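To start, the structure itself, in structure tokens.
Note that the structure is a prediction, hence the values are computed from the model and not measured.
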Amino acid sequence: GQHEFFDIDKPWDLYELNLHVLKQTFAGISGNTLSPDSCIDPTAVIEGKLIMGNHTKIGRNVIIRGNVILDDYSIIDNGSILLGDTYVGKNSRITDYAQVFENTIIGNDCILGHCVEFLGGLIMDKVYLYHHGELYGIFGNNVDVGAGTNTGTLRFDDQLTTQKVNGRRQQPKDCFNMVCIGDYTRLGVSVTLQPGMKVGANCAIGAGIVISKDIPHNTRLLLKQEYITTPWGPDRYGW
């Protein structure tokens, strides 16, 4: 028989492969498949087909507008919104008004928490997006993202971002503005990544940094600040 092959030598190839499998999987779904111990709260709004594994839960005020595969022991709860086809791996949680856009693949043991907005992409295993932030891209295994971290999705000139891979400039077909974060990397609070930036594996990015160039593997990046200190007291308010 015929088989499909994918050439995986660029970061975004991982997402395109997973997305291809996701679309093929949903194309073969004709109805809901719920395990006997899965549960859906009556306040949830479901507009799509569901495959729910063992001990899964869709909780209060959840909105789902698309097809969803929810693997064993995973939870979508408390007002979270899924806006299109999504796969959620085992033992993962999407809670507290998190919003996930279409064509998203989420791995095992992940957390998308309070008001996280994930605009699409690939999240591998044990990725923690606990609260706040707008994110779009590919996040490797064991990535921890600090509160208020944001990824740019549109350049001021509205042009596509040219990526550099192994010293060669590449133009992705579809996911040109995705960021890529390598395995075991931690991002501090309020980090900003410009469109198309890549951070390598085993990195630590300090709080408040704006990343506008690719960061190599095994790098710690800290922000150097200069303070201006002057006397101050309640008398300055006229009390």
Side-chain angles (χ1 to χ4, degrees), residues 8-19 22 86-89 92-94 98-155 160-167 169-170 172-223:
I8 302 177
D9 58 357
K10 297 177 285 293
W12 53 86
D13 292 339
L14 292 171
Y15 173 63
E16 291 178 347
L17 170 59
N18 279 271
L19 182 59
L22 183 73
T86 304
Y87 171 84
V88 182
S92 290
R93 303 202 316 266
I94 303 173
Q99 183 169 253
V100 178
F101 282 64
E102 66 179 347
N103 298 329
T104 293
I105 300 99
I106 299 170
N108 304 320
D109 302 300
C110 294
I111 296 174
L112 279 71
H114 181 243
C115 293
V116 166
E117 186 178 9
F118 193 76
L119 302 181
L122 172 62
I123 297 174
M124 297 187 188
D125 295 344
K126 296 183 179 178
V127 174
Y128 305 119
L129 317 176
Y130 276 104
H131 38 207
H132 298 287
E134 183 183 46
L135 304 163
Y136 172 61
I138 301 168
F139 292 74
N141 295 305
N142 296 276
V143 168
D144 186 9
V145 177
T149 293
N150 293 297
T151 58
T153 58
L154 182 66
R155 292 165 41 133
L160 308 183
T161 300
T162 300
Q163 301 264 8
K164 185 179 287 188
V165 179
N166 293 328
R169 293 192 174 276
Q170 306 275 347
K173 181 173 61 176
D174 297 316
C175 40
F176 41 83
N177 283 333
M178 279 187 165
V179 303
C180 297
I181 311 296
D183 296 346
Y184 297 96
T185 284
R186 305 187 71 174
L187 305 178
V189 298
S190 300
V191 170
T192 299
L193 297 101
Q194 300 288 15
M197 295 298 103
K198 295 182 288 299
V199 179
N202 304 304
C203 290
I205 309 299
I209 292 178
V210 177
I211 296 177
S212 55
K213 64 179 182 179
D214 292 346
I215 307 299
H217 301 309
N218 305 303
T219 299
R220 184 174 68 162
L221 192 65
L222 301 176
L223 180 65

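The main-chain N or O of G140 is never found under 3.5 Å from a side-chain atom of N142 such that the two would form a donor-acceptor pair. Checked by atom type and distance alone, the side chain of N150 pairs as donor or acceptor with a backbone atom of E134 at under 3.5 Å. Distance alone, capped at 3.5 Å, places no donor-acceptor pair between the N108 side chain and the G89 backbone. Of the possible donor and acceptor atoms, none in the side chain of D183 sits under 3.5 Å from a partner among the backbone N and O of A201. The closest donor-acceptor contact from the side chain of H217 to the backbone of G200 lies at 3.5 Å or more, if one exists at all.
You'll find the side chain of I105 reaches within 4.5 Å of the side chain of Y15, heavy atoms only.
Atom CG in L187 sits 5.0 Å away from atom CD1 in I181 (nearest 0.5 Å). Atom OG1 of T219 and atom CD1 of I205 lie 7.0 Å apart (nearest 0.5 Å). One distance of note links CD1 of I94 with CG of L112; it measures 5.5 Å at 0.5 Å rounding. The CG atom of L223 sits 5.5 Å away from the CD1 atom of I209 when rounded to the nearest 0.5 Å.
Partners of Y128 according to the ring-ring contact (aromatic ring centres under 6.0 Å, His included) rule, which considers only residues two or more places apart in sequence or in another chain, are Y130. Listed by chain and residue number, Y184, N218 satisfy the side-chain contact (heavy atoms from CB on, under 4.5 Å) test with N202 (two or more places apart in sequence, or in another chain). Residues meeting the side-chain contact (heavy atoms from CB on, under 4.5 Å) test with C110, sequence neighbours left out: S92, I106, I123, V127. Partners of D144 according to the side chain to side chain donor-acceptor pair (under 3.5 Å) rule, which considers only residues two or more places apart in sequence or in another chain, are R186. Take H114 and apply the ring-ring contact (aromatic ring centres under 6.0 Å, His included) test, not counting sequence neighbours, and it matches H132.
The shortest non-hydrogen separation linking L122 to F118 is N-CZ, 4.3 Å. Closest approach of M197 and K213 over heavy atoms only: SD-N, 3.3 Å. Listed here is the closest heavy atom pair of M178 and I138: SD-CG1, 4.2 Å. Listed here is the closest heavy atom pair of L135 and T149: CD2-O, 3.6 Å. Closest approach of N103 and L22 over heavy atoms only: CA-CD2, 4.3 Å. Across all non-hydrogen atoms, the minimal contact from Y136 to T151 is N-OG1, 3.0 Å.
Note on residues 190-201: pairs passing side-chain hydrogen bond (donor to acceptor under 3.5 Å, both in side chains), not counting sequence neighbours, are Q163-K198, K198-D214.
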Quick one, D109 with D125, criterion side chain to side chain contact (heavy atoms under 4.5 Å, CB included). Give me CA distance, side-chain angles, the key distance, then yes/no.
CA-CA 6 Å; D109 302 300; D125 295 344; 5.6 Å; no
